[in-house]
Amino acid sequence: VEASIPEPQREAWKRNQITSFTDKDGFEKEVVRHVETTLARSMFNCDEIAAYSATSLAFRDRLITHWNRTQQRQTYRDTKRVYYLSLEFLMGRALDNAMLNVGLKNVAQDGLAELGFRIEDVVKQEHDAALGNGGLGRLAACFLDSLATLNFPAWGYGLRYRYGIFKQEIIDGYQVEVPDYWLDFNPWEFPRHDVTVDIQFFGQVNKKTVGGKTISVWEAGEIVQAVAYDVPIPGYDTPTTNNLRLWSSKASGGEFDFQKFNSGDYESSVADQQRAETISAVLYPNDNLERGKELRLKQQYFWVAASLYDIVRRFKKSRRSWNEFPDQVAIQLNDTHPTLAIVELQRILVDVEGLEWDNAWEIVTSTFGYTNHTVLPEALEKWPVGLVQHLLPRHLQIIYDINLFFLQSVEKAFPDDRDMLRRVSIIEESQPKMVRMAFLAIVGSHKVNGVAELHSDLIKTTIFKDFVEIYGPDKFTNVTNGITPRRWLHQANPRLSELIASKCGGNDFLKDLTILNQLEKHVEDKQFRKEWAEIKYANKVRLAKHIKDTTGVVVNPASLFDVQVKRIHEYKRQQLNIFGVIHRYLSLKAMTPDQRKKQLPRVSIFGGKAAPGYWMAKQIIHLINSVGAVVNKDEDIGDLLKVIFLEDYNVSKAEMICPASDISEHISTAGTEASGTSNMKFVLNGGLIIGTCDGANIEITREIGESNIFLFGNLSEDVEDLRHAHTYGSHTIDSDLDKVFNEIEKGTFGTPHDFSAMIAAVRQHGDYYLVSDDFHSYIETHQLVDEAYRNQDEWIAKCITSVSRMGFFTSDRCINEYAEEIWNVEPLVVDRH
Ligand code: RUG
């Protein structure tokens, strides 16, 4: 049905164009209107939640007019669009970001004050949108912000999980997971009940002859409906408002269910419905680990099939030829999770649209780009062939055909290397046979990128080495990760942002982060340093209050705040950190009171979630809390050392923690952390970092200078030899670390048995993460940190210098690199009015 209004009636629409508020009075009017009509409340029962809801609705209305205009403009101009497929979008809160991006936070602040509310309290009412595990999901969120800010015609596609990442509670020192039901009231999403796609699973493939041509038809099986929910993504200081489309699963209301229901088979009709809704019910809570569960594969196919249907439907509106598809559409695969999209597009083109295989494959490979985020073997996705066959029978056939043609070309190019075929085959000939998703993603894309220089080099020399030989080096590239300075500086640290703006000629640095380099000429300015230090101190006071409120522990904001917040993982080495803390504690205990007086007070702050099934990670959390329980009440130690575990680390907590850190820890075993992005957030907020030569730490060092970072530990090129030596040579444990282990085993921090596996991992099981190898250098480097911190003037100078050199790490730079090197898309500016 043509829904467009006929020309003669459009005049009336134009006369009645919605005008968005621009000032305090206009804002207040909208808030009152929403409180009284949308929420059906009044000034007599308007609490902070109602004020939050009405404020969000007022801003949402504003975004929607921009969003509509953006979409109309993009449709009218019909330029190439980017589609970012990510199973995770770790968005955090939306209101504060929306207010800042449209430049009306001051208006809202004044308006809310007049209406009886403090904006800080209102903003805090919002539940984080936590549809992600960690860095990968947050990167996707930063990219959306940059895509909109830079005016790229871009859509995100994801899943609308009913439960995002679980909420973490710490009970008796242990992590306990609580479901995160976040959709009670979410003003930021628009259900599009008219945008639905039927998604098929199971069934079988039959051959049919149509017009003399034999085609494969995928028939029968189960149908689940995908319903679109749209989330507007405002750019900073631009009307461009892009769309994040999240799919929710629903039973397709077919006749079959209805019959079941009518015939009294209520239970099974409800079971069908529940099974369908289960698909988008919950985010898998693993970071850097793939477990191969059927429901996960169902989620992946459900989401990519719905997204591709949508993308193809949009493309077909322009009535172009299929060969123009890659000129109109770029699809980026965020990790291998959406790799089935490659197979699905090939299926649509060949089975549904009737294109020849080779022609279709050319279109497919020109459309996709694949970003790899890890070299950890346990995180590389593989699916049992039998499972794929059962769930997606036609897709397995296509995967086999893709593999066949690929292996034929390899055989031709490398006739003397028979083993090459086994090594690069998309099908691993194991028991059971597995589909190697990363290989499928490489074969089906025109570009593959890693996320930091070291990581991009590593994938080329290790896990994807053969593919570099096959395709040549140009298919592989690097796009070092970045973060959005809007959220991670302007929003998280408003006072620092303002101070920076005062030295950098206004807020332009938020759109061109290289402007930060203007700070460097003010490094010697005493007054500037003083103001800088005052802001850091105020941020620490705020965090200290949060620590007191949530843990009951009083920390002195004048101490050095040493922070490690990220997912708990053995490769990220929180165990190294807590062993280091114990070493510090033992050293302090061994001192005389006079010696102690000369020591620098420190607060070691940890935070992060462990995957619910990751036992060792949970033991690490338990050890941190057990050490805290002893140290924090030790009167010999007092303020000299406090150990804090912050519960339920998430995006909004990160916004409070990053600005309050003096030093933060990015201490993964060299070669294991693909990039890391919190390292960038901490430096941008005027904190220094201690880290290994890993991921983006290396480029951060190159940018800010070696004298402004505390590097330690073995290099990635030495890791393999060290591991080999641990297993086959004699493995001696660092003597200081040994003392730490002995103390744990004495029971100083509770039942030693609780921690015996953690110690055995180092002493007996080959110390895979090189904790002992790096311990000495870690401890020594922390001593250098202490010394450096004593000279506050110098320390602040280092912080300012570092910030001034952080311009490279904006996600705007990443997006421009992707746009130019991988997507070949141009920005499209939307008129302001
Ligand atoms: O572990 C990596 C981080 O190093 C990286 O910064 C982030 C964004 O690129 O992605 C993380 N990651 C990798 N999360 N999941 C994976 C593997 O699926």
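Both counts, for ligands and for their atoms, begin at 1 and track the order of listing.
Heavy-atom minimum distance, Thr371 versus Gln332: OG1-NE2, 2.8 Å.
The single protein non-hydrogen atom nearest to atom 16 (C) of ligand 1 is Asn288 OD1, 3.5 Å, given as residue, atom name and distance. Closest protein heavy atom to atom 3 (C) of ligand 1: Glu673 OE1, 3.4 Å. Of all protein heavy atoms, the one lying nearest to atom 11 (C) of ligand 1 is Leu136 N, 4.0 Å. If you check which protein heavy atom lies closest to atom 9 (O) of ligand 1, you get His373 ND1, 2.6 Å.
Looking at ligand 1, you won't find any N or O of Gly135 less than 3.5 Å from one of its N or O atoms. Polar contact check, Thr374 against ligand 1: no nitrogen or oxygen pair lies under 3.5 Å apart. Considering backbone and side-chain N/O atoms, Lys572 never comes within less than 3.5 Å of an N/O atom of ligand 1. For ligand 1, the polar-atom distance check finds an N/O of Gly676 within less than 3.5 Å of one of the ligand's N/O atoms.
Between the side chains of Tyr614 and Glu570, at least one donor N or O sits under 3.5 Å from an acceptor N or O. Side-chain contact annotation: Asn449 with Thr477, donor-acceptor N/O pair under 3.5 Å absent. Side-chain contact check for His395 and Glu344: at least one donor-acceptor pair (N or O, by modelled atom type) lies under 3.5 Å.
In Asn481, the part holding a heavy atom less than 4.0 Å from any atom of ligand 1 is the side chain. With a 4.0 Å cut-off on non-hydrogen atoms, Val451 touches ligand 1 through its side chain and not its backbone.
One finds a salt bridge joining Glu453 and Arg702 here, because a Lys/Arg side-chain nitrogen approaches an Asp/Glu carboxylate oxygen to under 4.0 Å.
Less than 4.0 angstrom separates some heavy atom of Asp335 from each of these atoms of ligand 1: 16 (C), 17 (C), 18 (O). Of all the atoms in ligand 1, the ones that sit under 4.0 Å from a non-hydrogen atom of Tyr571 are 1 (O). Taking a cut-off of under 4.0 Å to the non-hydrogen atoms of Ala674, the atoms of ligand 1 that pass are 4 (O).
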message = Evaluate Tyr84 against Phe143 for ring-ring contact (aromatic ring centres under 6.0 Å, His included), listing each step before the verdict.
response = CA-CA 9 Å; Tyr84 197 77; Phe143 280 5; 5.8 Å; yes

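Contact of the Asn288 side chain with the Tyr571 side chain is registered, since non-hydrogen atoms from C-beta on lie closer than 4.5 Å.
The residue from Arg573, His666, Gln574 that alone fulfils the side chain to side chain contact (heavy atoms under 4.5 Å, CB included) condition with Gln564 is Gln574. When each of Phe476, Phe439, Tyr370 is paired with Phe467, the ring-ring contact (aromatic ring centres under 6.0 Å, His included) condition holds for Phe439 and for no other.
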